[in-house]
Amino acid sequence: MPELPEVETARRGLEPHLTGRRVIEVRLRRSDLRWPIAHEVRELLPGQRIAAVDRRAKYLLLATAAGSALVHLGMSGALRFLDAGLKPAMHDHYDLLLEDGRLLRYSDPRRFGCLLWQGPGTLHPLLRRLGPEPLGPGFHGDHLWQLARGRTLAVKAFLMDQSIVVGVGNIYAAEALHAAGIDPRRSAGRVSRARYAMLAATVRDILSYAIERGGTTLRDFINPDGQPGYFEQELNVYGREGQPCRRCNARIQCVQLGGRSTFYCPRCQR
DNA sequence: CGACACACCTGGATGC
DNA sequence: TGCATCCAGGTGTGTC
């Protein structure tokens, strides 16, 4: 469910409440998320002070002296701050109790998320093959263009490959390609260097703006303070099949690409 | 290595 | 109202 703007929104919501706070207890109700919850979370996290709340790609990292808890929200995961003592509901899989009497509660109906552990000075295997952050200095048009040489897969699938660039999921890939005027079905290797420069810029701009707006709430995304995001009001193609393109008035189309619904404008995306 | 299908899981919307 | 079907923001794994 969450792409980079939603995870970053979650991070910003967590940061002021978690930084410098001690975790006094970890309560696990069910451990069978995408992978079993790492035993270190139960064994090492209690008693630790959270030094920082970081994000890498779509992972949140709660950093402590003993290591970092690594949280992925999957498709339907959400973290919320609640008063300790509030009864958990069916899909509330774990709580971190904090020294200030509140708790951080993780809810995830589909259980595609995970809670893993990264030892001090190590890099978790899941973080090893990730591409650059789209809002960082290592991401630019020539990076995309270089990696796309000879690739035949659709440029949209290429853009969603987390080893190319992280954080771009199904919504923002469609939006960025529309803003750049690129047909999502075009082979990655057949997009020009100049158009990759445009695409890198639209990815950066759209992700930044979506973060400003608090992310996109389609169904159930909420930030840790319980607020929804407002970017869905700005979507130009995602979920708009049959509606007029805001730029050229042609009807937005939907096709399947790499197994994902892909929205685009057949007139202004080439 | 690259491309692709499939898997994981639940709930909500839709259609009959 | 009930039930079947399809779809959903992610991503690792297996196969060719």
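For the numbers below, each heavy atom of this structure counts, side chains included, while hydrogens, waters and symmetry mates do not. A note on names: the letters A, B, ... follow the listed sequences, proteins ahead of strands, and every chain is numbered from 1.
- Counting only N and O atoms by type, the side chains of A:Y94 and A:R105 include no donor and acceptor under 3.5 Å apart.
- Between A:Q162 and A:R110, the residue whose closest nucleotide on DNA chain C is further toward the 5' end is A:R110.
- At the phosphate of C:dG10, OP1 or OP2 sits under 4.0 Å from a side-chain N or O atom of A:R260.
- Rounded to an integer number of Å, the gap from A:E3 CD to C:dG10 C1' is 9 Å.
- Distances were taken from every side-chain heavy atom of A:R151 (C-beta onward) to each of B:dA3, C:dT11, B:dC9; the shortest belongs to B:dA3.
- One C1' atom belongs to B:dA3, the other to C:dG9, and the distance between them is 23 Å to the nearest Å.
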Check: Given the rule in the salt bridge (charged side-chain N to carboxylate O under 4.0 Å, His left out) test, do A:R111 and A:D32 qualify, once you have shown the distances and angles that lead to the verdict?
Finding: CA-CA 8 Å; A:R111 307 205 312 280; A:D32 55 336; 3.4 Å; yes
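- Computed from coordinates, the A:D108 CG to C:dT11 P distance equals 13 Å when rounded to whole Å.
- Rounded to whole Å, the P atom of C:dC7 lies 15 Å from the corresponding atom of B:dA5.
- Ring geometry for A:Y59 versus A:H72: interplanar angle over 60°, hence perpendicular rather than tilted (30 to 60°).
- The A:L153 side chain lies nearest to B:dC4 when the options are B:dC4, B:dG11, B:dC9.
- Residues A:T9 and A:N223 bring no donor and acceptor atom of their side chains to less than 3.5 Å of each other.
- Using a 4.0 Å cut-off, no side-chain N or O of A:H91 falls inside it from OP1 or OP2 of B:dC9.
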Margin query: Let me check I have this right: for DNA chain B, each base becomes ., (, ), [, ] or |, based on Watson-Crick or G-U pairs with both distances under 3.5 Å. What is the full string?
Written below: .|||||||.|||||||
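- Proximity note for A:M90 (side chain, C-beta onward) versus B:dG11, C:dA8, B:dG2: the nearest is B:dG11.
- Spacing between atom CZ of A:F112 and atom C1' of C:dC7 amounts to 12 Å, rounded to whole angstrom units.
- Checking the phosphate oxygens (OP1, OP2) of B:dA3, a side-chain nitrogen or oxygen of A:T152 falls inside 4.0 Å.
- Counting non-hydrogen atoms under 4.0 angstrom, A:Y59 reaches the backbone sugars and phosphates but no base.
- Among the heavy atoms of the strands lying under 4.0 Å from A:Y238 are primed sugar atoms or P, OP1, OP2 only; no base atom is included.
- A donor-acceptor contact under 3.5 angstrom links the side chains of A:Q256 and A:S261, judged on distance only.
- Judged by distance alone with a 3.5 Å cut-off, no donor-acceptor contact links the side chain of A:R111 to the base of B:dC9.
- Distances from the side chain of A:S261 to the nucleotides C:dG10, B:dC4, C:dC7 place C:dC7 closest.
- Aromatic ring pairs are classed by plane angle as parallel below 30°, tilted from 30° to 60° and perpendicular above 60°; the pair A:Y106 and A:H93 is tilted.
- With hydrogens and angles left out, the side-chain atoms of A:Y172 and A:T216 include a donor and acceptor closer than 3.5 Å.
- Closest to the side chain of A:P109, from the set C:dT11, B:dG11, C:dA8, is B:dG11.
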